[in-house]
Amino acid sequence: MWVRVWFDDGGKPHQRAYTLVDPDAAAGTFGLEFALHDGVASRWARDCAVGDTVEATLQGTGFEAPDPLPGRLLVVGDTASLPAINSLLDAFPGLPATVWFETQHASDDALPFRVDPERHDLRRVPREKGGAALVDRVKAELPALADPASYVWIACDTSTTRALGGYARKELGLPKERVHALGYWRDS
Ligand SMILES: Cc1cc2nc3c(=O)[nH]c(=O)nc-3n(C[C@H](O)[C@H](O)[C@H](O)COP(=O)(O)OP(=O)(O)OC[C@H]3O[C@@H](n4cnc5c(N)ncnc54)[C@H](O)[C@@H]3O)c2cc1C
């Protein structure tokens, strides 16, 4: 589940998408986790103080549980999609998963991954050549794990996501309803 948050920049509102972390409808609370870089949302997250408010539009969730469930989740993401990856793993507590996770900083190793080493195989891939290293790694390793019942979930920068979504559908021949691919940020 995600929200469009409106951040002010020189008097103009700019929308940025963020994932709800642990929404608790009864308590009326949720968290947001920001991958920090240079940008209006990141600057707000760095500088905000207790009591600050911000406008947001609830987008809900475009996610539908794969039916039938796959034997293993195949997940590709990065720091921006970590909250969504954690939510996905939480939603299917019994399912094994392989997660290719693109890192950009040494500190990315200390992020709050909700992985259970018994069931989840976390494969860290340092970002190189604008995402090309991740594309190569996933293309090298995905075929051995994929079958027609697979479910592949991809959320990285837009060009990496497009490359891997196209690969899973066209070259691996997975049905489009078994491949969820959504670009989370634009590299510039
Ligand atoms: C459905 C959805 C859910 C999302 N959930 C989250 C979330 O929970 N947490 C989260 O951190 N992000 C999340 N994102 C991604 C987030 O919306 C983008 O990263 C957004 O661009 C951040 O805005 P900004 O103002 O900080 O940077 P921008 O003004 O958009 O960009 C400024 C500069 O930073 C670069 N940049 C932007 N994002 C990243 C990044 N992630 N890594 C490295 N460089 C970057 C840009 O290329 C540009 O050079 C989500 C995106 C989608 C579509």
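Every number for a ligand or one of its atoms is a count from 1 in the order of the listing. Everything quoted here is computed from the prediction, not taken from an experiment.
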Considering both backbone and side-chain atoms of [X], is one of its nitrogen or oxygen atoms within less than 3.5 Å of a nitrogen or oxygen in ligand 1?
| X | result |
| --- | --- |
| A35 | yes |
| A41 | yes |
| T79 | no |
| V40 | yes |

What do you reckon, is [atom1] of [X] surrounded by more than 12 foreign heavy atoms closer than 6.0 Å?
| X | atom1 | value |
| --- | --- | --- |
| E55 | CD | no |
| R186 | CZ | no |
| E64 | CD | no |

With distance as the sole test, does [X] use its side chain to make a donor-acceptor pair with the main-chain N or O of [Y] at under 3.5 Å?
| X | Y | answer |
| --- | --- | --- |
| T19 | P83 | no |
| R46 | H37 | yes |
| R119 | L95 | yes |

List every atom of ligand 1 that sits less than 4.0 Å from any heavy atom of [X], numbering the atoms from 1 in the order shown and giving each element.
| X | value |
| --- | --- |
| P83 | 8 (O) |
| F34 | 11 (O) |
| R186 | 46 (C), 47 (O) |

**OP:** Answer yes or no: is there an ion pair linking R127 with D78, defined by an N-O contact shorter than 4.0 Å?
**Re:** no
For [atom], grab the closest protein heavy atom and report residue, atom and distance to one decimal in Å.
| atom | answer |
| --- | --- |
| atom 44 (N) of ligand 1 | W185 CZ3, 3.5 Å |
| atom 5 (N) of ligand 1 | T19 OG1, 2.9 Å |
| atom 49 (O) of ligand 1 | S188 OG, 2.6 Å |

Original post:
Is the closest heavy-atom distance from D187 to ligand 1 below 4.0 Å?
Top reply: yes
Which bit of [X] is near ligand 1, meaning a heavy atom under 4.0 Å away: side chain, backbone, both or neither?
| X | value |
| --- | --- |
| Q104 | side chain |
| Y18 | both |
| Q59 | neither |
| D38 | backbone |
| A17 | both |

**OP:** Would you kindly check if the NZ (Lys) or CZ (Arg) of R124 is within the cone defined by 45 degrees around the ring axis of F113 and under 6.0 Å from the six-membered ring centre?
**Re:**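 R124 over F113 ring: yes.
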Subject >> Identity of the nearest option to atom 38 (N) of ligand 1, non-hydrogen atoms only, from H37, Q15, R127 >> reply: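 Nearest option to atom 38 (N) of ligand 1, by heavy atoms: H37.
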Original post:
Atom CG of N86 and atom CG of D22: how far apart are they, to the nearest 0.5 Å?
Top reply: 9.0 Å
**OP:** For T98 and R123, test the side chains for any donor-to-acceptor distance below 3.5 angstrom and give the result as yes or no.
**Re:** no
